[in-house]
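Just below is one structure, and these are the notes that go with it.
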Amino acid sequence: MKLSKYYSFTLREDPNEAYLNSHKLMLRAGMIRQATSGIYTWLPLGLKVLNKIKDLIRNIHIKNEIYEILMPTIQPSDIWKKSGRFNDYGKEMLKIFDRNDNTLLYGPTNEEMITDLVSNDLKSYKDLPKLLFHTQWKFRDEIRPRFGVMRCREFLMKDAYSFDLDYENSYFSYCKMFILYMKIFNLLGLNVIPVKADSGPIGGALSHEFILETSNGETLFFYDKTILDKDCYNINLNDKELVIKATEDLLSVYSSSSETHDEALFKSKTSPQNQICSKGIEVGHIFYFGTKYSEAFDANYITSNGEKKLIHSGSYGIGVSRLVAAVIEANNDDKGIIWPKQVSPYDLGLINVRFDNSKSKDFSEEFYKKFTNKYEVIYDDREVRAGKKFNDMDLIGVPLQVIVGEKNLLNSNIEVKHRNTGKLQLISLDKIESYLEKYCEC
RNA sequence: CGGUGCGUAGCGCAGCCUGGUAGCGCACUAGUCUGGGGGACUAGGGGUCGUAGGUUCAAAUCCUGCCGCACCGACCA
């Protein structure tokens, strides 16, 4: 991608309405623009990251035999009346009226819709278990949207749903999703802590939140710091025994959101030097709700004995658009964003520091042509001063910058800069290709 | 919804108290110099002062309503 053709407008100063670093940086780097309170337009750079995170989450679901569907954003109200949540959900639900004066709503979540769907298709015990997910825009009319994309009204969420024979099987699905979530956050380079949670209006008995610890977070939570030592990232998710064991091992260590926190239990279970009270951002939330929704939608199956039984279900959400902000919140400095490689909008930032110099310019063009099919390259070919290019590239935050200038070319060198350490390194021209290969592998 | 504050150029702000020609910095356009970390000089362009009404000879400025935005609290991925 050539910056001269891109839709990229960076801001030098922090916009007045932004308070969180992630919000300021997303606006400054030209990732998003606010349309109205809690509703945003995603510009090319922001959308690139959003899609990267979405795809990473999506692919690991599919790899684990959780299949993708796409439910609509607009839902009929009758299914919500069936489950009783039409009124329970309250003012956060945005209601819409069509030309025939039917009440529709912009979906805040999809339990009703998917249970209704599944109740028609799943008939036999042979059809279970089933796991489905989709990544779709949601709308919750928050009392007070804030922090940019972190707590907005329209947001992108990945929500998965499990359908099982009984509690025991459903518990396995829950544990499987639990470990899958640990893997996902690990892949995103985030240190996320699972905590016991209140199930809120979604309802249900078993519930956990996944919290990214940050000083600016909204959620207060408590945990035993030994939970950070648990490694469950390489477990085969089809191995029922291991998955349940790993989950229970994690849950044996105290961790809780403030709503469910039990101070006495915390104190008795955790040694004093390991007791942490911290703030964070909720990036995922999982629920087991038994037969709550299958009852309402008459979602049942026939057992091998010919008996009719209710399906047990659970739901598993990740705030995808929120994660964009969360990743930035966890990875930035005074110059801008520092993307972890896996979610960076581009692999390499190519800077031609001398647009007026043909040697430097020609080399940059060649370099771009050569590597743009192999890596995702953001090439700053604009006719602006070097200082602006350096600052913009730092702000945008791609992990590796390749800096081309006449001085170094005359010595057959090219410069690279690692965004996270700020380290500058001269690489000889004949080594750059292998350098990049090695860099991108790890 | 309660408490607080703010709406003036794309962004950041001054002007309002004490009514009288619409201002500054950045960005933008043109030119000259410059050319490896937001460079300098010169000349420009860009405004329904959130909106509707009121007071006044005269309103960005005073008064009232409305709208929008943000911060603090109760809700949530």
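Note that this is a predicted model, so its numbers are computed, not measured.
The partner of B:C62 is B:G54, judged by Watson-Crick or G-U wobble contacts that both fall below 3.5 Å. Nucleotide B:C6 has B:G68 as its partner under the Watson-Crick or G-U criteria, with both atom distances under 3.5 Å. The partner of B:U21, taking Watson-Crick or G-U wobble pairs whose two distances both stay under 3.5 Å, does not exist in any strand shown. Across all strands shown, the partner of B:U29 is B:A43, judged by Watson-Crick or G-U wobble contacts whose two distances both fall under 3.5 Å. Look at B:C1: its Watson-Crick or wobble partner, with both distances under 3.5 angstrom, is B:G73.
Regarding A:Leu27, its CG atom lies at a distance of 16 Å from the P atom of B:G10, rounded to whole Å. The CG-P distance, from A:Leu11 to B:G38, rounds to 19 Å in whole Å. Atom CH2 of A:Trp137 is separated from atom C1' of B:A77 by 13 Å (rounded to the nearest Å). Rounded to whole angstrom, the span from the CD atom of A:Glu13 across to the P atom of B:G10 amounts to 15 Å. The separation between A:Asn16 atom CG and B:G7 atom C1' is 10 Å, rounded to whole Å. Spacing between atom CZ of A:Arg146 and atom C1' of B:C1 amounts to 14 Å, rounded to whole angstrom units. Look at CG on A:Leu94: it is 16 Å from C1' on B:C76, rounded to the nearest Å. When rounded to the nearest whole Å, the span between CD1 of A:Ile39 and C1' of B:C69 equals 14 Å.
For A:Pro15, taking side-chain heavy atoms from C-beta onward, the closest of the listed nucleotides B:A77, B:A74, B:G12 is B:G12. Looking at the side chain of A:Glu92, the nearest of the listed nucleotides B:C75, B:A70, B:G35 is B:C75. Closest to the side chain of A:Arg144, out of B:C75, B:G35, B:G73, is B:G73.
Between the P atoms of B:G68 and B:G50, the separation comes to 16 Å (whole Å). Comparing B:C26 with B:A40, their P atoms are spaced 8 Å from each other, to the whole Å.
Evaluated for a ring pair (Phe, Tyr, Trp, His ring centres under 6.0 Å) with A:Phe178, the options A:Phe210, A:Tyr316, A:Phe172, A:Tyr288 yield exactly one hit, A:Phe210.
Ring stacking holds between A:Phe155 and B:A77, with the centres under 5.5 Å apart and the planes within 30 degrees of each other.
Near-neighbour residues of RNA chain B inside residues 320-338 of chain A, defined by a heavy atom below 4.0 Å, number-ordered: A:Arg322, A:Lys335. RNA chain B lies under 4.0 Å from at least one heavy atom of each of the following residues of residues 376-410 of chain A: A:Arg385, A:Ala386, A:Gly387, A:Lys388, A:Phe390, A:Asn391, A:Asp392, A:Asp394, A:Ile403, A:Gly405, A:Glu406, A:Lys407, A:Asn408.
Aromatic ring orientation, A:Tyr7 versus A:Phe9: perpendicular (interplanar angle above 60°, classes split at 30° and 60°). Aromatic ring orientation, A:Tyr435 versus A:Tyr439: parallel (interplanar angle below 30°, classes split at 30° and 60°).
Side-chain N/O atoms of A:Tyr254 and A:Gln275 include no donor and acceptor closer than 3.5 Å. Counted by atom type alone, A:Glu406 and A:Ser360 present zero donor-acceptor pairs between their side chains at under 3.5 Å. No hydrogens or angles considered: nothing links the side chains of A:Glu209 and A:Ser257 as a donor-acceptor pair under 3.5 Å.
Taking 4.0 Å as the cut-off between side-chain N and carboxylate O, A:Asp333 and A:Arg419 count as a salt-bridged pair.
Of all heavy-atom pairs between A:Asp381 and A:Leu3, the closest is OD1-N, 3.4 Å. Scanning all heavy atoms of the two residues, the minimum distance from A:Gly217 to A:Ile281 falls at CA-CG1, 4.1 Å.
At the phosphate of B:A77, neither OP1 nor OP2 sits under 4.0 Å from any side-chain N or O atom of A:Thr109. OP1 or OP2 of B:C69 lies within a sub-4.0 Å distance of a side-chain N or O belonging to A:Thr36. The side chain of A:Gln34 contributes no N or O atom lying less than 4.0 Å from OP1 or OP2 of B:G68.
Taken from CD1 in A:Ile286 to OG in A:Ser207, the straight-line distance is 7.5 Å, to the nearest 0.5 Å.
Remark: aromatic rings of A:His261 and A:Phe266 are close, center separation under 6.0 Å.
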